Amino acid sequence: MNQRNGRRTTLIASSARVARAALATLLVACAAQAQVAYVSSEKDHALAVIDLKELAVVGSVPTCKRPRHLVQTPDRKQLMVACGESGQLDVIDLATRKSVRRVDVGEDPEAFDLSPDGKTLFISREEDAELAMVDLASGKRIKSVEVGKEPEGVKVSADGKTVYVTSEVASLVHVIDVASGKVVKNVPVGKRPRRFALTPDGSQLWVTNELGASVTVLSTKDHSVIDTIKFEVKGARSSDITPVGITMTADGKHAFVALGRANHVAFIDVASRKVEKLVLAGKRAWGVTLNKAQDRLLVVNGLSDDLTIIDVPAAKALKTLPVGRVPYAAVIVE
Amino acid sequence: MTPRRMLRARSMRIPLGLALSAAAALAQAAAFKVVLLHPADDSRLERSRVERAYLGHPTGPAADGVAAALKEAKLELEAAGASLTLELQPVASTTDAKAAAQKAEKAGALAVLTDLNAEATLAVADAIKLPVLNLSAADDRLRQQDCRARLYHVAPSERMRADALAQTLVARKWPQVLLLTGPTPADAQRAAVVQAALKRYGLKVTATKPFKLSGDPRERDLANPLLLTQGGHDVVWVVDADGEFARSLPYRTATPRPVVGDAGLVAVAWHAQFDRYGAPQVSRRFFKEAKRPISAPDWSAWLAGKALAAAVVAAPKGPAAAVHRALAEGEVDGSQGVPMSFRAWDGQLRQPLLLTDGQGVIGSAPIDGILHPKNNLDTVGADAPEKLCKVTR
């Protein structure tokens, strides 16, 4: 048509190019320090994506049906999500935020852990009350170990030789030898044991007891009970304190336990096993996860369908974000 | 033999039995057995009734629930070095029930479970010195004037069900209640319990009317839902132990008012659609074992098995008295998110009640915000200070 218009188009095009380049640089810069959290939501069949700088939900990634436990792969390139309803493990590529593979793991998987080399998956399956070991390269189940009903928490030892599984119904921690696929010991803990944390030196295994209002501390050497940490929350009764989620700082100094219907997170000094602080979160606070700098704690609230972001040094909630129906677990990718 | 001599004979038998079980424990796990007494000819389980599946009514034998609980506890029991088995004993009468209970006691049973009416349950409790777990009799008299020291109630009482609904009406602000009552003595008793609950929660009865299942036009005042539900009220509470009339009442009322009680919104111990706190796993496991959906009485039977297994795990080496103590004092996980236990004052299991319309779980009692000085579950049913059960437990 005319020159002016043509020029303008070029101008716009070039400025767009500049902007895009700038944006790309910005993105790269951000990626270096970006903090993005993914939160699984059991009834939305999706992961909510949260920008932890902006403290806002910025997207959603569809998954298989009823996504629950969520783990980042050791190479940090992918997320793995266990889906209770589809009986699958969804593998999400973090660069594209898309599902790249679905591995059939059998009916009703709940929680899982990976071997230190990332090659083997250990997953609890409620339907058949077993721990399944899956070779991730082939997607084949190598072994199944029968455990107590409603198995949940799964934790692999640092050397990859032992895997621990809780049975909510049997109130046991099963100690399983990976090589033989046999239960070598059943350790009675509190009522309805749920999740684990290992101290970084690998010497202690902490187990939350949902109906015991407590954490049982086990020695990984002989699997004896070293201690039981009882929780108390002012204004809440023992029966309303239902600990589920647990995590520890990398230096092994502090542990964080979500207290379920008591709606608080307990900060615990690992050495003295004393509760230092209680921080208010949402309704039925259960999943907890820390960022790398260990200054942000995410708490998933199962009954208020939201996520509370806690400033750890200040021991106070910064913001609570709606994240979808029945959120289960959160992972921070940075 | 005089009673005293009998007592001595028994006390002599105990050390021997203990020695035997100790010897057995060395060789194998401590083996415990419980006996379930159930009606030989159970009219509740006639096909036509089971097919209707009225809320709160049994839809299969109680043995299914107990067996499912013992099966899933097997691993935990094994880990503790014990085993627990179930024996079924059909009984045709109260006398039969008594004799069967005594036989079980003699044979060294750990406890007796009853899926019987109030009269037979009481006869069993009086005949033996073992704990008796009542799976189905909801009669309040068993928790009050007729309570017994070793009688435990897993089934929620009529009063608990009435309290649960009354709390719900308070929470909804539906205070005006029209009460419709069936013709049987059981209905009359249950209606009195409902009236007391309404009074406790400050709700108002606008009218009380009897109903009757009838097609006779001369009895239409008793049988026609439109005529029965005239007048101003917030809600219609129907008391119908049989269930047939109640089932046809919702949506046939003169005014657009909800129905509660034995139809519409019903308070039950469990519902297969409950989906929190691991409940679907319990319902699914039961379905797998029994090949039928779980009903509220099935859950009560399951919980009884669970409570007994938990008590054995707490004292796996026995003696029986230690297991009995663990049963009385221990907590049990009923997959409703709160620890449950037996009330010290009347042996009733403290438990939440689920409110259902038959399609889903609408809510649960105790209702949020109704508080109790010690345990909110104790707002549902008879509380300690009322001292309705005079027996020391």
Side-chain angles (χ1 to χ4, degrees), chain A residues 42-43 66 84-85 107-108 110 124-130 145-152 165 167-175 183-194 209-214 235-242 244 260-262 283-284 286 302-303 325-326, chain B residues 68-82 275-289 302-303 305-307 309-316 330-341 350-352 364 366 368 371-379:
Chain A
E42 291 189 44
K43 291 205 171 176
R66 200 178 176 207
E85 210 175 302
E107 264 179 88
D108 233 337
E110 174 139 11
S124 58
R125 289 184 49 235
E126 285 191 326
E127 180 70 18
D128 297 319
E130 65 169 37
V145 186
E146 196 195 340
V147 293
K149 297 289 182 230
E150 294 180 33
E152 165 137 343
V165 183
S167 160
E168 294 180 52
V169 170
S171 296
L172 294 174
V173 168
H174 305 288
V175 182
V183 175
V184 291
K185 195 162 181 191
N186 290 314
V187 189
V189 290
K191 260 206 172 78
R192 222 174 170 87
R194 298 289 298 249
N209 303 308
E210 191 177 19
L211 291 191
S214 62
R237 292 189 177 130
S238 173
S239 60
D240 291 326
I241 302 172
T242 51
V244 175
R261 280 200 324 278
K283 276 181 92 180
R284 200 185 181 194
W286 58 350
L303 281 179
R325 291 181 63 213
V326 193
Chain B
L70 297 192
K71 190 170 174 195
E72 67 187 51
K74 210 173 149 242
L75 203 122
E76 193 183 0
L77 287 161
E78 271 172 19
D275 71 349
R276 292 276 181 181
Y277 308 113
Q281 276 74 41
V282 173
S283 298
R284 219 173 281 152
R285 279 201 300 271
F286 180 88
F287 190 92
K288 238 181 172 175
E289 286 303 312
W302 173 82
L303 193 103
K306 214 140 155 137
V312 169
V313 168
E331 286 183 339
V332 54
D333 174 8
S335 294
Q336 294 198 38
V338 285
M340 301 180 188
S341 52
R350 46 168 74 86
Q351 57 190 306
S364 73
D368 241 1
L371 303 177
H372 183 276
K374 290 210 176 84
N375 186 332
N376 291 347
L377 290 177
D378 289 337
T379 62

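All chains are named by letter (A, B, ...) in the order of the sequence lines, taking the proteins before the strands, and each is independently numbered beginning at 1. These figures come from a predicted structure and were not determined experimentally.
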Let's go through A:Arg261 and B:Val338 carefully: what are the C-alpha distance in whole Å and the side-chain angles of both, what is the deciding distance for side-chain contact (heavy atoms from CB on, under 4.5 Å) to 0.1 Å, and is it a yes or a no?
CA-CA 10 Å; A:Arg261 280 200 324 278; B:Val338 285; 3.3 Å; yes
Which portion of A:Leu172 sits near chain B, non-hydrogen atoms under 4.5 angstrom:
side chain
B:Asp333/A:Lys191 ion pair, N-O < 4.0 Å:
no
Check the pair B:Gln336 / B:Leu303 against side-chain contact (heavy atoms from CB on, under 4.5 Å), numbers first and verdict last.
CA-CA 11 Å; B:Gln336 294 198 38; B:Leu303 193 103; over 6 Å; no
Any A:Pro188 side-chain heavy atom under 4.5 Å of B:Glu76 side chain:
no
Flag the one option from B:Val313, B:Leu77, B:Val282, B:Asn376 with the top tally of heavy-atom pairs under 4.5 Å to chain A.
B:Asn376
Minimum heavy-atom separation for A:Arg192 and B:Gly278, please, with both atom names.
NH2-CA, 3.8 Å
Any idea which of A:Glu210, A:Glu127, A:Glu168 has the most non-hydrogen atom pairs under 4.5 angstrom with chain B?
A:Glu127
With a 4.5 angstrom heavy-atom cut-off, could you sort out which part of B:Val332 is near chain A: side chain, backbone, both or neither?
backbone
Among the listed options B:Gln281, B:Glu72, B:Arg276, B:Glu331, the residue most often paired with chain A at heavy-atom distances under 4.5 Å:
B:Gln281
CZ of B:Arg284 to CD of B:Glu289, rounded to nearest 0.5 Å, is 14.5 Å
Which answer fits A:Ser239, side chain, backbone, both or neither, if we ask what part of it has an atom under 4.5 Å from a heavy atom of chain B?
both
Please identify, among A:Val183, A:Val187, A:Asp108, A:Val147, the residue contributing the most non-hydrogen atom pairs under 4.5 Å to chain B.
A:Asp108
Chain B contact via A:Val326 - side chain, backbone, both or neither, heavy atoms under 4.5 Å:
side chain
Tell me, for A:Glu150 versus chain B, whether the close heavy atoms (under 4.5 Å) come from the side chain, the backbone, both or neither.
both
By a 4.5 Å heavy-atom criterion (distance strictly below it), what part of B:Lys74 contacts chain A: side chain, backbone, both, or neither?
neither
Got a second to check how far B:Asp275's CG is from A:Glu42's CD, nearest 0.5 Å?
9.5 Å
